[in-house]
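Below, chain A is the first sequence line, B the second, and so on; all start at residue 1. From a predicted model like this one, the values you see are computed outputs, not experimental measurements.
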Number of protein chains: 2
Amino acid sequence: MSEQLPDRAGVPSQRAIPAATVARLPGYLRVLGEFANGQQSRISSSQLAIAAGVNPAKLRKDLSHLGSYGVRGVGYTVEHLMDQISRALGLNRDWPVVVVGVGHLGRALVGYDGFAARGFRIAALVDANPTIVGQHVSGLPVHDMTQLPALVSADGVKIGIIATPAVAAQEVCDQLVSAGVTSILNFAPRVLTAASGIEVRKVDVAMELQILSFHEHRRDTEHRRDPVGVLATGGPISDGHAGFDVRAEVGS
Amino acid sequence: MSEQLPDRAGVPSQRAIPAATVARLPGYLRVLGEFANGQQSRISSSQLAIAAGVNPAKLRKDLSHLGSYGVRGVGYTVEHLMDQISRALGLNRDWPVVVVGVGHLGRALVGYDGFAARGFRIAALVDANPTIVGQHVSGLPVHDMTQLPALVSADGVKIGIIATPAVAAQEVCDQLVSAGVTSILNFAPRVLTAASGIEVRKVDVAMELQILSFHEHRRDTEHRRDPVGVLATGGPISDGHAGFDVRAEVGS
DNA sequence: GTTTGTGAACAGTTTCACAGCT
DNA sequence: AGCTGTGAAACTGTTCACAAAC
């Protein structure tokens, strides 16, 4: 941030992008894609920020971490910005992905178009259930778990998705890691333990609903105690999208 | 935190639970449930913290915001703690939920057991597609969008789930809000705009994958430039689960 | 002895406000 | 004029370390 490594070549330093920034870049990228479709070739920080649901200053600081330079007095070039963000995220290549667990959720994931749109290609489907193995889902065959190491190494798969029941998740995680996967997206409601170099992220619907429940509950009890205004209760949860106007932009 | 409101009755203040804490409470609750199943009635902060994948100090601070008191030298009572967390999250009641969009994803959600387990009851399924309307999914009829206001008010639904294609999401969001829903979980890859009192959370698979892609990309480029160690690149992304041992506990 | 609860130090993130460039 | 990039301030969140309680 303040530490500006000189960086070997004249390449703008992409060292040390803050975690919070990385988590927002995909959102910017999607919104930029919409502007590009709308034939717009230049965009200002406030235009993009409002569309992405963030504060303009935050957006500019985020972009500054990429070494991405807009033009003062003018704004950013939509295409150039998309290119820079894609590069920072490593999206200018194809990422083969293996999906373990081909139940309802796994099928929903396989059928999701947003996958291919960003360069994620489903390289293989794997399941432990013998009645599912051998089926074809969206044109892809479902393999047995024993095939996992071969499938992963054949395609150089580094990203795995766990869409199994909770009880199987840790075992699947271990097998993915020993097959060579180093990034995991876990949909099972279970804490996963993995070696320290492995990046594990989770999507947990029940947890999200419980957070919403908290808000509804708070709303109730506050109305009861304080019918006029809102007591100090701390801002939005977790991702911390700050609403900054009457209509708050939320989500990505 | 430092401000200790005296609070009207002798009730421990549950004012101002930090957003980051609220986001972790569901995880604690699940892990506690596992210990309860295992017949364990008392638990220490470090035991629970390790199982939940967080730092023990963080866990204790989180619990202290609930006014939840353990016993020094002993630990916490599993059942009492579950009760306190449930209460803080508003889970000691039933929450009817409406699901809009009954495609692959919607069906996966409807079939997900974790729902009912925490008191979330699917009150209604709604879809805009005439070929889906009238079908039964997991025993529940799919209603037409025009029925939304009636369904929501009949059951006092406050929580809505959007599982539609991206193009429909904002329109659905508006309709949910005008029907009386005040908390929304959005699965569509689209920024939603809603009135400031409405709580919107999102689940975005493509975004999660892109964050994993960033990590894989960074791993690649670092190995290339710095084969020995790891350069300063900032910690884990977003939720900030700090690994604090050789095996990092991740997820919830 | 053990373990909690918490002030204080630290780290990360957001926002402000303005200098600097077009 | 307009808009970006960025120090500095403000805020939020995490971790340490220890006094207090059992």
The criterion is side-chain hydrogen bond (donor to acceptor under 3.5 Å, both in side chains); which residues satisfy it with [X], sequence neighbours excluded?
| X | result |
| --- | --- |
| B:Gln40 | B:Gln47 |
| A:Arg118 | none |
| B:Glu34 | none |

For atom [atom1] of [X] and atom [atom2] of [N], their distance in whole Å:
| X | N | atom1 | atom2 | result |
| --- | --- | --- | --- | --- |
| B:Arg42 | C:dT4 | CZ | P | 11 Å |
| A:Tyr69 | D:dT6 | OH | C1' | 10 Å |
| B:Arg24 | D:dT12 | CZ | P | 15 Å |
| A:Asp62 | C:dG12 | CG | P | 16 Å |
| B:Leu63 | C:dT6 | CG | P | 11 Å |
| B:Ile17 | D:dT12 | CD1 | P | 16 Å |
| B:Tyr76 | C:dG5 | OH | C1' | 7 Å |
| B:His65 | C:dG7 | NE2 | C1' | 13 Å |

Intermediate values then yes/no, side chain to side chain contact (heavy atoms under 4.5 Å, CB included), A:Met207 and A:Lys202: CA-CA 11 Å; A:Met207 171 175 292; A:Lys202 67 167 188 302; 3.8 Å; yes

Heavy-atom protein contacts under 4.0 Å, nucleotides 16-22 of chain D, coded B base, S sugar-phosphate only, - none: BB-BBBS

Nucleotide nearest B:Ser44 when distance is taken to its side chain, options C:dT13, C:dT4, D:dT15: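 In terms of side-chain proximity for B:Ser44, the closest of C:dT13, C:dT4, D:dT15 is C:dT4.
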
Selected nucleotide, minimal atom distance to A:Ser64 side chain, candidates D:dT6, D:dT4, C:dT4: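 Taking heavy atoms from C-beta onward, the closest nucleotide is D:dT6.
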
Shortest non-hydrogen contact between B:Asp62 and B:Arg24, atoms and distance: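 Answer, listing the atom of B:Asp62 first, then B:Arg24: OD2-NE, 2.7 Å.
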
Nearest atoms (heavy-atom pairs only) where B:Arg190 meets B:Ala169: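 Looking at all heavy atoms of both residues, the closest pair is CB-CB, 4.4 Å.
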
Salt-bridge contact B:Asp83-B:Arg87 (side-chain N to carboxylate O under 4.0 Å):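 Here B:Asp83 pairs with B:Arg87 in a salt bridge, since their nearest N and O are under 4.0 Å apart.
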
Side chains of B:Glu79 and B:Ser41, donor plus acceptor under 3.5 Å: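 Absent: no donor and acceptor within the cut-off.
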
Partner set under ring pair (Phe, Tyr, Trp, His ring centres under 6.0 Å) for B:Phe115, not counting sequence neighbours: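 With sequence neighbours excluded, B:Phe115 shows a ring pair (Phe, Tyr, Trp, His ring centres under 6.0 Å) to B:Tyr112, given in chain and number order.
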
Presence of A:Ser45 side-chain N/O under 4.0 Å of D:dC3 phosphate oxygens OP1/OP2: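 So the side-chain polar atoms of A:Ser45 never come under 4.0 Å of the phosphate oxygens OP1 or OP2 of D:dC3.
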
End-to-end axis angle, where each axis spans five pairs of the helix from C:dG1-D:dC22 to C:dT22-D:dA1, to 10°: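 Its terminal axes enclose an angle near 0°.
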
